[in-house]
Amino acid sequence: MYQVIFSINNNEEVIVLPAVPPDFGPDIPQNNGTYEGLSRDYNTLGTMGLWELSISSFFPVGRRYSFMPTDASTDGWSYVSFFERNRPRRLPFRIIVLDSQGVCRLNCACSIDNFSWRVKRNGDIAYDMTVREYRFISGVK
């Protein structure tokens with residue numbers, strides 16, 4: 001079972017998602033282009049774009065499911081609060097993905113470009129989120 005961990009501002013606050021979708025992973029584009037020659041077109045290899053990851057899942061409210069990591073909360077509203085409170089701060093989040101053996105498969109600064117939620121009939125909170133790689137600009141004075 002994979003674990004997805006989010007933090008903000010150098011671990012000022014850390015959360016472990018309670019439920020990870022069975023199939024998820026980043027979309028990693030490459031900014032290739034086309035050069036139009038005299039007799040034919042040529043493909044040019046560009047720089048790597050920013051990866052993007054979409055997550056659709058739920059936050060439990062008041063109940064612990066058997067598949068949840070031990071560090072995950074049963075207070076679904078605390079997850080909603082975490083994202084809604086920290087997005088306006090304009091600080092990058094950090095996402096960490098650990099595989100079932102605890103090996104880190106992704107550790108990257110990111111932005112939360114979209115976050116929407118809705119209360120399900122059973123009281124849990126369904127959500128959709130789009131996460132995008134954030135690259136720090138170095139050498140700026």
Is there a side-chain contact between [X] and [Y], using heavy atoms and a 4.5 Å cut-off?
X: Leu17; Y: Ser57; answer: no
X: Gln3; Y: Ile96; answer: no
X: Met48; Y: Ile28; answer: yes
X: Phe58; Y: Tyr65; answer: yes
X: Trp117; Y: Glu84; answer: yes
X: Trp77; Y: Ile125; answer: yes
X: Ile15; Y: Ser73; answer: no
X: Val4; Y: Val16; answer: no

Parallel, tilted or perpendicular: ring planes of Phe59 versus Phe115, cut at 30 and 60 degrees: tilted

Measuring from atom [atom1] of [X] to atom [atom2] of [Y], what distance do you get when rounded to the nearest 0.5 angstrom?
X: Asn32; Y: Thr47; atom1: CG; atom2: OG1; result: 9.0 Å
X: Ile8; Y: Asn86; atom1: CD1; atom2: CG; result: 4.5 Å
X: Phe82; Y: Asp75; atom1: CZ; atom2: CG; result: 13.5 Å

Nearest atoms (heavy-atom pairs only) where Glu133 meets Cys108: CG-SG, 3.8 Å

Pairs involving residues 7-22, ordered by first then second residue, that meet salt bridge (Lys or Arg N to Asp or Glu O under 4.0 Å) (sequence neighbours left out): Glu12-Arg89, Glu13-Arg85

Check: Arg94 main-chain N/O paired with Tyr134 side-chain donor or acceptor under 3.5 Å: no

Any side-chain donor near an acceptor of the partner, Ser111 and Asp113, under 3.5 Å: yes

Pair Ser56-Asp128, side-chain donor/acceptor within less than 3.5 Å: yes

OH/Tyr35: more than 12 non-hydrogen atoms of other groups inside 6.0 Å: no

Heavy-atom neighbours of Gln30 CD exceed 12 at 6.0 Å: yes

ILVMFWY network linking Val131 to Phe93, side-chain heavy atoms under 4.5 angstrom: yes

